[in-house]
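All values below were derived from every heavy atom in this structure, side-chain atoms included, with hydrogens, water molecules and symmetry-related copies excluded. Read the numbers this way: they start at 1 and go in the same order the structure lists the ligands and their atoms.
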Amino acid sequence: MTPAEELERERETSVAEMPEVEEAFEEIEVDAPLVGIIMGSANDKPKMQPAGQALQDHGIRYEVRVLSAHRTPEATRDYCLNAKMRGLKVIIAGAGMSAALPGFAAAHTELPVIGVPIAGKNLGGLDALLSAAQMPPGVPVACVAVDGAKNAGLLAVRIINA
Ligand code: RP5
């Protein structure tokens, strides 16, 4: 067999094997998270916990990160830029005061972002509500109720199962 014929035979063999390889990959259980829950402060955890609970109740894998638009802007930007490539389908972003995390996240990803306004000491969460709900046109943020993390989780479930 000439070298050219050998090459051609190798090529045919590898092409013929591809469907089997693909099938084998499909069978591999990949437990990568589908939802990223991010929040501006570790102090937000108790109020964001119902989002994780709702996802868990529906068998949706998620991860949790403390990331802030103003305290850790570079880490937050990198997380959002890489989120889709890492296999995430939805980002849930919780923040108190007018911290801008949901809009900041939406500016750095094509994924759907669900904002959770968290009530702080002043203004009853109106500051956070407006910073998420009143995003200027072009950068969408879905916004649930103040302290509405449970609905954020349930909405993420619906988006993933749509
Ligand atoms: C926001 O500022 C956080 O989301 C938090 O709700 C608020 C206050 O943060 P801490 O001072 O409690 O860390 O960025």
Side-chain angles (χ1 to χ4, degrees), residues 22 24-162:
E22 278 173 25
F25 269 104
E26 275 166 23
E27 281 166 23
I28 294 173
E29 186 77 19
V30 179
D31 55 359
L34 295 178
V35 178
I37 300 178
I38 62 176
M39 63 201 79
S41 167
N43 295 328
D44 297 331
K45 275 185 185 168
K47 291 205 170 163
M48 291 302 290
Q49 196 275 341
Q53 188 63 54
L55 292 165
Q56 192 180 312
D57 291 347
H58 290 81
I60 305 281
R61 298 178 300 276
Y62 66 94
E63 63 184 17
V64 178
R65 300 278 186 280
V66 174
L67 290 167
S68 163
H70 58 286
R71 290 172 178 157
T72 56
E74 284 172 13
T76 308
R77 182 201 61 186
D78 290 349
Y79 179 85
C80 295
L81 285 176
N82 293 327
K84 188 176 178 185
M85 186 193 67
R86 293 181 51 239
L88 295 179
K89 300 291 180 202
V90 180
I91 291 178
I92 296 175
M97 307 184 74
S98 55
L101 182 63
F104 185 90
H108 292 93
T109 183
E110 291 168 17
L111 296 177
V113 174
I114 306 172
V116 181
I118 294 175
K121 290 184 201 111
N122 306 307
L123 304 177
L126 183 61
D127 41 3
L129 175 66
L130 296 180
S131 80
Q134 290 297 105
M135 277 297 290
V139 180
V141 170
C143 182
V144 295
V146 173
D147 293 341
K150 180 175 181 178
N151 271 0
L154 293 175
L155 183 54
V157 171
R158 289 189 180 199
I159 290 170
I160 285 164
N161 291 335

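In terms of polar-atom proximity, G96 is counted as a contact of ligand 1, with an N or O under 3.5 Å from an N or O of the ligand.
Contact annotation: the side chain of L130 never approaches that of S98 to less than 4.5 Å [non-hydrogen atoms, C-beta and beyond]. Contact annotation: the side chain of S68 never approaches that of L101 to less than 4.5 Å [non-hydrogen atoms, C-beta and beyond]. Between K84 and E110 there is a side-chain heavy-atom pair separated by less than 4.5 Å. By the 4.5 Å heavy-atom criterion applied to side chains, T109 and L81 are not counted as neighbours.
Atom numbering of ligand 1 starts at 1 in the shown order; those under 4.0 Å from a heavy atom of H70 are 14 (O). Applying the 4.0 Å criterion to heavy atoms of A99 picks out, from ligand 1, the atoms 1 (C), 14 (O).
Side chain of D44 to backbone of A95: no donor-acceptor contact under 3.5 angstrom is found.
When heavy-atom distances to ligand 1 are checked against a 4.0 Å cut-off, M39 has no atom that comes that close, whether in backbone or side chain. At a 4.0 Å heavy-atom cut-off, ligand 1 touches N43 through the side chain alone.
When only non-hydrogen protein atoms are considered, atom 11 (O) of ligand 1 lies nearest to R71 NH2, 3.2 Å. Scanning all protein heavy atoms for the shortest distance to atom 6 (O) of ligand 1 gives D44 OD1, 2.7 Å.
Neither side chain, E74 nor Y79, offers a donor N or O lying under 3.5 Å from an acceptor on the other.
For atom 13 (O) of ligand 1, the choice among A95, G40, S41 with the nearest heavy atom turns out to be S41.
Of the candidates V64, I118, V66, M48 forms a side chain to side chain contact (heavy atoms under 4.5 Å, CB included) with just one, namely I118.
For I118, the heavy-atom gap to ligand 1 stays at 4.0 angstrom or more.
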